[in-house]
Amino acid sequence: MLNLRKKTIQDKQQTRGKQVYAIIPAAGSSQRMGGGNKLVMELHGQPILCRTLQVFEACPAIDGIVLVCRKQDQANYASLCADWNISKLHKIVEGGPTREHSVLNGILACERDIGYVAIHDAARPLITEEIIAEAVEVAMRDSAAAPGVACKDSIQVIQNGKMVKNIARESVIAVQTPQCFDIDLICAALTKALESGESLTDDCGAVTALGQPITITRGSYENIKITTPEDVVQGEAILKGRRQK
């Protein structure tokens, strides 16, 4: 399977251009939400997934969208995209057993001439066009970029349930999405991660494992990931605040 991926990637590299596609991994199981598919839950009257996709739809920096999801969700998501006028949707593809598989499946489904991808969690519906555009622009310059925010809490290393070392807050950040990359770079990074069997929580981890630095761009404390019921309450409050400005 990896050999097939490598051949397809090499074919794409020969015709790559400057277009930017958003890869939206949406293949999670929503276990921490307490049941049901969180992406079809409504946030201020709109499904979470559609709210996420509409920001990328409106952002001029994005040329196309590939949605990666479970096979059983494909028909429903296609219907939602039609209902909410997601015209940039290029394809809906099936996810894999890990995030790395899913993202690579999404990249391989893009048009042949794209040069960059913006990989964004489907469950981050409060992203803004400005954050997307800045991360894309910097990735075009530096090959890799991701938004981040400073950590507000103290950070500690623990062993056996006990704090053993303090980490200075100014030396760490909370990394968000979209994480934006030159397509050759991210394909190489994900392929290596799959071959080595590494388990990664985001795509930046695969890229830094190659020794490639990632430029941090402006994130937002409002760019939360909807994971638990408490996040839904926070998301509703953020949207209410935006409407009052």
Side-chain angles (χ1 to χ4, degrees), residues 1-32 64-74 90-124 135-136 138-148 157 172-217 225 227:
M1 189 65 173
L2 283 177
N3 288 336
L4 177 61
R5 283 197 178 95
K6 285 180 179 178
K7 184 178 185 302
T8 310
I9 291 166
Q10 289 167 357
D11 290 342
K12 288 180 180 293
Q13 289 172 348
Q14 293 174 4
T15 57
R16 66 196 285 279
K18 295 297 184 183
Q19 282 197 317
V20 182
Y21 268 41
I23 310 297
I24 311 294
S29 59
S30 304
Q31 290 181 349
R32 286 176 286 180
I65 299 170
V66 175
L67 181 60
V68 188
C69 66
R70 300 178 301 179
K71 186 174 183 179
Q72 63 264 37
D73 293 325
Q74 289 181 341
H90 171 66
K91 194 172 290 186
I92 299 177
V93 299
E94 187 175 352
T98 66
R99 181 184 175 89
E100 299 97 291
H101 281 98
S102 293
V103 172
L104 195 52
N105 285 352
I107 293 172
L108 295 179
C110 294
E111 291 287 356
R112 291 173 61 88
D113 63 346
I114 72 162
Y116 301 88
V117 291
I119 305 166
H120 184 71
D121 300 322
R124 288 187 189 268
V136 167
V138 173
M140 287 182 168
R141 183 193 71 200
D142 295 347
S143 296
V157 176
V172 296
I173 62 163
V175 180
Q176 301 176 339
T177 65
Q179 297 176 3
C180 303
F181 307 101
D182 174 280
I183 192 171
D184 296 351
L185 173 63
I186 188 61
C187 283
L190 291 173
T191 300
K192 180 181 178 182
L194 287 170
E195 289 175 338
S196 65
E198 293 180 73
S199 179
L200 304 170
T201 58
D202 71 357
D203 306 289
C204 285
V207 172
T208 54
L210 290 182
Q212 168 70 40
I214 297 171
T215 304
I216 299 301
T217 59
K225 187 174 182 180
T227 304

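Throughout, residue positions are numbered sequentially from 1 according to the sequence presented. Excluded from the calculations below are hydrogen atoms, water molecules and symmetry mates; all remaining heavy atoms, backbone and side chain alike, are included.
Atom OG of S102 and atom CD1 of I23 lie 11.5 Å apart (nearest 0.5 Å). Atom CD of E111 and atom NZ of K91 lie 8.0 Å apart (nearest 0.5 Å). Rounded to the nearest 0.5 angstrom, I186 CD1 and C180 SG are separated by 10.5 Å.
We find that D202 and R99 are not joined by a salt bridge, their nearest charged nitrogen and carboxylate oxygen being 4.0 Å or further apart.
Proximity of I119 to F181: side-chain heavy atoms (C-beta onward) are separated by under 4.5 Å at one or more points.
Listed by chain and number, the residues in a side-chain contact (heavy atoms from CB on, under 4.5 Å) with T177 are H120, D121, R124, Q179 (sequence neighbours excluded). Under the side chain to side chain donor-acceptor pair (under 3.5 Å) criterion, S196 pairs with E198, sequence neighbours left out. Applying the side-chain contact (heavy atoms from CB on, under 4.5 Å) test to T217 and every residue at least two apart in sequence or in another chain returns E134, A135, V138, A145, P147. Listed by chain and number, the residues in a salt bridge (charged side-chain N to carboxylate O under 4.0 Å, His left out) with D73 are R70 (sequence neighbours excluded). Checked against side-chain contact (heavy atoms from CB on, under 4.5 Å), E100 has the following partners two or more places apart in sequence or in another chain: T98, L190, A193, L194, L200.
Considering all non-hydrogen atoms of both residues, A109 and V66 come closest at CB-CG1, 4.2 Å. Here the closest heavy-atom approach between residue V20 and residue V136 is recorded as CG2-CG1, 3.9 Å. Shown here for D113 and Q19, the closest heavy-atom pair between the two residues is OD1-OE1, 3.4 Å. Shortest non-hydrogen contact noted between C187 and I107 is SG-CG2, 3.6 Å. Minimum interatomic distance between V175 and A146 (heavy atoms only, all atoms of both residues): CG1-CB, 4.1 Å. Between V103 and P25 the shortest heavy-atom distance is CG2-CG, 3.9 Å.
Applying the salt bridge (Lys or Arg N to Asp or Glu O under 4.0 Å) rule to pairs touching residues 204-216 yields nothing, sequence neighbours excluded.
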Side chains of residues 207-215: which donor-acceptor partners sit under 3.5 Å, not counting sequence neighbours?
unit_1 : atom_1 : unit_2 : atom_2 : d
T208   : OG1    : C204   : O      : 3.1
T208   : OG1    : G205   : O      : 3.2
T215   : OG1    : D142   : OD2    : 2.7

Verdict with supporting geometry, D182 and Y116, side-chain contact (heavy atoms from CB on, under 4.5 Å) | CA-CA 5 Å; D182 174 280; Y116 301 88; 4.1 Å; yes
